[in-house]
Peer 1: 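First the structure, which I've put down as structure tokens, then a few questions once you've had a look.
Atoms within each ligand, like the ligands themselves, are counted from 1 in listed order. Side-chain atoms are counted along with the backbone in the values below, which use heavy atoms only and exclude waters and symmetry mates.
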Amino acid sequence: MTRRSPNRLVLILGDQLTQSVAALRAADRKRDVVLLAEVQQEASYVRHHKKKIAFVLSAMRHFADELADDGWRVDYVKLNDQGNSGSIVVEVERALSRHGCGCVLVTKPGEWRLFDALEKLRERLNVDFNILEDDRFLCSGCEFAKWANGRKKLRMEHFYREMRRRTGLLMDEHGEPCGGRWNFDTENRKPPKKELVPASPKRFLTDETTQKVLQLVDVQFGDHFGELEPFWFAVTRKQAEAAFDHFVENSLEQFGDYQDAMLLGKPFLYHAVASLYLNVGLLDPLGMCRQVDDAYRMGHISVYAAEGFIRQIIGWREYVRGIYWLQMPDYVHLNFFEHQHPLPDFYWTAQTDMACIRACVEQTRDEAYAHHIQRLMITGNFAMLVGVDPKAVHEWYLAVYADAYEWVELPNTLGMSQFADGGLLGSKPYAAAGNYINRMSDYCSDCHYNVKEKSGPGACPFNYLYWDFLWRHRAKLAGNPRLAHAYRTLDRMDNRRKAEIPLDANRFIQGLRA
Ligand SMILES: Cc1cc2nc3c(=O)[nH]c(=O)nc-3n(C[C@H](O)[C@H](O)[C@H](O)COP(=O)(O)OP(=O)(O)OC[C@H]3O[C@@H](n4cnc5c(N)ncnc54)[C@H](O)[C@@H]3O)c2cc1C
Ligand code: SF4
């Protein structure tokens with residue numbers, strides 16, 4: 001008689017909700033057991049936005065139902081189930097003994113913290129423990145390390161061109177980029193017009209599963225940041241795909257033009273609102289890019305719009321993940337400017353006279369969403385200019401957005417927005433004065449401060465904080481050719497202005513401390 005080999009335990013994490021994830025592809029539907037566990041530790045290692053917790057739990061429950069309907073044996077541990085240890089590692093051990101499995105299959109976690117915990121579990125347990133590469137990403141950690149090896153500068157643009165060649169996206173039959181250029185970034189920076197009427201992202205009604213989750217989150221995480229309702233996110237693959245189709249049909253053509261624009265009361269403008277779905281596996285990055293590439297080839301959208309979108313996914317998204325795995329676990333401790341200031345309270349309360357910060361924090365509280373330029377040039381820019389500790393900034397971004405996972409959030413925050421890695425990721429700090437914010441938004445029209453004033457209590461704080469930042473960090477930044485013009489302008493200022501800048505900045509920063 002042949003002995004039946006033992007079952008395998010297939011661990012599916014909350015951001016691996018697709019049947020094409022490596023561990024499920026390697027599993028056997030008839031013999032293996034799929035474990036999904038809601039654990040307190042994952043929901044609260046930073047105090048995530050209530051909407052994010054509800055989204056992930058509801059998407060997990062829907063995915064478990066989908067697997068069960070497709071004939072998988074699913075072991076689903078709910079947050080309040082008796083005996084739930086609150087830790088993913090312990091839940092794996094408990095499930096192994098429940099099912100008598102001799103082998104664990106898991107796709108590599110996105111975050112270093114969890115990867116490290118599973119590696120330690122693997123060393124401790126006496127079972128086969130297979131951690132498979134997460135091939136939902138187009139560039140593996142090894143491939144990225146190979147690309148990075150020996151390069152003096154890791155610039156996204158070079159990486160992106162390789163990804164275009166490799167995927168064939170927006171490439172013509174001669175191997176040249178469609179439209180004759182690799183990058184149409186300069187076409188993507190139109191200032192907003194008040195009369196723009198963007199289509200809102202597709203919204204979904206809550207079903208019974210989501211309603212139960214909303215009640216649970218309200219009770220267990222009621223003191224976390226953010227508004228739980230209205231809750232309208234997609235929670236299944238089918239819904240997420242419908243949301244993305246809606247974006248391609250209604251917003252993508254304008255997305256490129258107004259990517260950097262910000263308008264009061266229009267939090268989403270022409271953005272995809274796709275990262276939360278993409279990051280948990282409800283959308284597939286290559287599939288989305290092919291859909292956009294097809295829309296361009298069929299003449300439905302311009303090459304500018306298609307390139308602007310595809311660059312974000314196969315360029316920025318893959319690139320920041322590569323940087324994360326190349327640099328962790330030390331990356332999180334970098335603090336190039338040695339900034340130490342605590343995060344101001346108004347990042348949680350929105351109670352500030354600065355209309356731009358107020359708008360972004362209110363929108364973050366209500367929607368668990370802000371688009372890239374709001375994160376980079378408003379909340380990120382301000383934190384860097386006043387000298388907030390980059391770790392505190394990182395923890396805030398990780399907590400407040402529905403799409404936040406450390407592999408993507410950390411390089412964007414620490415590297416791109418705070419320049420805390422000293423220029424590994426970005427070629428210069430994303431610092432800007434009020435003039436930039438005024439050009440790209442209508443926030444200043446609603447502000448207590450005057451964006452045209454350079455100094456004094458009524459002046460826009462960004463105006464003096466920007467120059468004070470450059471002044472304070474002159475020794476570290478003056479050699480950067482991309483800042484040469486800014487330092488020349490600073491040097492040409494008259495002495496009175498030069499004296500006012502640190503006085504205004506100190507008064508303002510002392511006010512924050514008070
Ligand atoms: C300080 C800071 C923190 C950030 N934290 C996160 C985060 O936790 N999670 C996250 O997914 N993105 C993060 N980003 C990147 C970007 O802001 C979001 O991906 C984007 O705003 C999501 O909204 P959207 O889906 O409407 O994107 P769109 O503007 O419509 O862009 C389309 C897609 O491109 C991808 N993308 C665009 N820019 C980036 C980028 N810089 N890095 C990675 N992917 C990108 C996203 O998947 C996004 O869904 C952060 C950026 C900054 C400056
Ligand atoms: S005036 Fe300054 S602080 Fe006010 S909204 Fe404009 S940029 Fe922000």
Side-chain angles (χ1 to χ4, degrees), residues 52 110 156 188 201 243-244 247 251-252 255-256 258-260 262 264 267-280 283 285 288-289 292 308-321 323-324 352-360 367-384 390 393-394 396-418 425-426 430 432-453 458-466 508:
K52 179 187 180 188
M156 196 291 288
N188 293 158
F244 188 64
F247 162 73
S251 300
L252 178 55
F255 166 81
Y258 297 110
Q259 222 176 114
D260 290 7
M262 299 168 276
L264 283 164
F268 308 105
L269 270 173
Y270 297 99
H271 290 268
V273 194
S275 49
L276 79 164
Y277 307 137
L278 193 48
N279 294 350
V280 297
L283 290 175
M288 291 162 83
C289 290
V292 169
F309 184 82
I310 286 174
R311 182 179 353 114
Q312 310 305 326
I313 307 280
I314 66 168
W316 279 112
R317 187 170 185 271
E318 295 285 332
Y319 170 76
V320 297
R321 179 179 182 260
I323 297 273
Y324 178 79
T352 163
D353 287 335
M354 288 177 285
C356 51
I357 304 247
R358 191 169 61 233
C360 293
E367 306 287 0
Y369 178 86
H371 71 63
H372 188 67
I373 295 303
Q374 294 173 313
R375 299 186 206 197
L376 185 65
M377 301 310 294
I378 307 289
T379 42
N381 180 22
F382 180 82
M384 181 174 68
V393 186
H394 149 60
W396 183 78
Y397 280 101
L398 191 57
V400 301
Y401 290 112
D403 61 13
Y405 298 87
E406 197 184 72
W407 64 265
V408 52
E409 176 277 326
L410 184 66
N412 268 301
T413 302
L414 202 110
M416 192 187 301
S417 114
Q418 301 303 297
L425 193 141
Y430 282 94
N435 189 27
Y436 170 85
I437 297 171
N438 193 31
R439 193 168 66 247
M440 298 313 296
S441 78
D442 62 353
Y443 295 150
C444 303
S445 62
D446 196 35
C447 191
H448 163 86
Y449 297 104
N450 186 340
V451 71
K452 304 281 179 211
E453 280 182 32
C460 166
F462 284 86
N463 287 346
Y464 44 79
L465 290 171
Y466 171 74
F508 184 84

Peer 1: Students should be able to answer this: which protein heavy-atom is nearest to atom 30 (O) of ligand 1, and at what distance?
Peer 2: A272 N, 2.8 Å
Peer 1: Report yes or no: does Y397 have a heavy atom closer than 4.0 Å to ligand 1?
Peer 2: yes
Peer 1: Looking at ligand 1, would A370 count as a contact under a 4.0 Å heavy-atom criterion?
Peer 2: yes
Peer 1: Please list the nearest protein heavy atom to atom 14 (N) of ligand 1 with its residue and the distance rounded to 0.1 Å.
Peer 2: N412 ND2, 3.5 Å
Peer 1: Give a yes/no verdict on whether any heavy atom in F255 is under 4.0 Å from an atom of ligand 1.
Peer 2: yes
Peer 1: Within ligand 2, which atoms have a heavy atom of M354 less than 4.0 Å away?
Peer 2: 3 (S)
Peer 1: Does C356 bring an N, O or S atom to within less than 2.8 Å of atom 2 (Fe) of ligand 2?
Peer 2: no
Peer 1: Run the numbers for me: atoms of ligand 2, each under 4.0 Å from some heavy atom of C447, listed by number.
Peer 2: 1 (S), 3 (S), 4 (Fe), 5 (S)
Peer 1: Who's the nearest protein heavy-atom neighbour of atom 47 (O) of ligand 1, and how far?
Peer 2: L278 CD2, 3.4 Å
Peer 1: Nearest protein heavy-atom contact for atom 45 (C) of ligand 1: which residue, which atom, what distance?
Peer 2: Q312 O, 3.9 Å
Peer 1: So does R375 get a backbone contact from the side chain of Y397, meaning a donor-acceptor N/O pair under 3.5 Å?
Peer 2: yes
Peer 1: Quick check on contacts: which atoms of ligand 1 are under 4.0 angstrom from a heavy atom of H372?
Peer 2: 15 (C), 16 (C), 17 (O), 21 (O), 41 (N), 51 (C), 53 (C)
Peer 1: Which residue holds the protein heavy atom closest to atom 29 (O) of ligand 1, what is that atom called, and what is the gap in Å?
Peer 2: H271 ND1, 2.7 Å
Peer 1: Dump the intermediate steps for side chain to side chain contact (heavy atoms under 4.5 Å, CB included) on H371 and Q259, then the final yes or no.
Peer 2: CA-CA 9 Å; H371 71 63; Q259 222 176 114; over 6 Å; no
Peer 1: Please work out, at 4.0 Å between heavy atoms, whether the side chain, the backbone, both, or neither of N279 comes within that distance of ligand 1.
Peer 2: side chain
Peer 1: For ligand 2, which atoms sit closer than 4.0 Å to a heavy atom of Y449?
Peer 2: 1 (S)
Peer 1: Which heavy atom of the protein is the closest neighbour of atom 12 (N) of ligand 1, given with residue, atom name and distance?
Peer 2: V408 CG2, 3.6 Å
Peer 1: For ligand 1, is any non-hydrogen atom under 4.0 Å from Y401's backbone (N, CA, C, O), its side chain (CB onward), both, or neither?
Peer 2: neither
Peer 1: Quick check on F247 - does any of its heavy atoms sit under 4.0 Å from an atom of ligand 1?
Peer 2: no
Peer 1: Nearest non-hydrogen contact with atom 20 (C) of ligand 1 belongs to which option: R375, E406, R311?
Peer 2: R375
Peer 1: On a heavy-atom basis, I'd like to know which of R317, Q259, Q374 is closest to atom 44 (N) of ligand 1.
Peer 2: R317
Peer 1: Which ligand 1 atoms does V273 reach within 4.0 Å, using its non-hydrogen atoms?
Peer 2: 24 (P), 25 (O), 26 (O)
Peer 1: For a distance under 2.8 Å, tell me if C460 has an N/O/S atom near atom 4 (Fe) of ligand 2.
Peer 2: no
Peer 1: Using distance alone, decide if ligand 1 has a nitrogen or oxygen within less than 3.5 Å of any nitrogen or oxygen in S417.
Peer 2: no
Peer 1: Under a 3.5 Å distance rule, please check whether N438 uses its side chain to pair with a backbone N or O of G434 as donor and acceptor.
Peer 2: no
Peer 1: Which atoms from ligand 1 have a heavy atom of F309 less than 4.0 Å away?
Peer 2: 32 (C)
Peer 1: Atom 22 (C) of ligand 1: which protein heavy atom is closest, and how many Å away?
Peer 2: S275 OG, 3.0 Å
Peer 1: State yes or no: are the ring centers of Y324 and Y405 separated by less than 6.0 Å?
Peer 2: no
Peer 1: Got an N/O contact under 3.5 Å between Y369 and ligand 1?
Peer 2: yes
Peer 1: Would you say A274 has any N or O atom under 3.5 Å from an N or O of ligand 1, going by distance alone?
Peer 2: yes
Peer 1: Would you mind running through ligand 2 and noting each atom that sits below 4.0 Å from a heavy atom of C444?
Peer 2: 1 (S), 5 (S), 6 (Fe), 7 (S)
Peer 1: Which protein heavy atom lies closest to atom 7 (C) of ligand 1, and at what distance to 0.1 Å?
Peer 2: D403 OD1, 3.4 Å
Peer 1: Taking the non-hydrogen atoms of F268, is any one of them nearer than 4.0 angstrom to ligand 1?
Peer 2: no
Peer 1: Any chance you could measure I313, atom CD1, to E318, atom CD, to the nearest 0.5 Å?
Peer 2: 9.0 Å
Peer 1: Please could you name the atoms of ligand 2 that I437 approaches to less than 4.0 Å, counting only its heavy atoms?
Peer 2: 7 (S)
Peer 1: Should the pair Y464 and F508 be assigned to parallel (<30°), tilted (30 to 60°) or perpendicular (>60°) ring geometry?
Peer 2: perpendicular
Peer 1: Are F244 and Y277 an aromatic pair by the rule of ring centers under 6.0 Å?
Peer 2: no
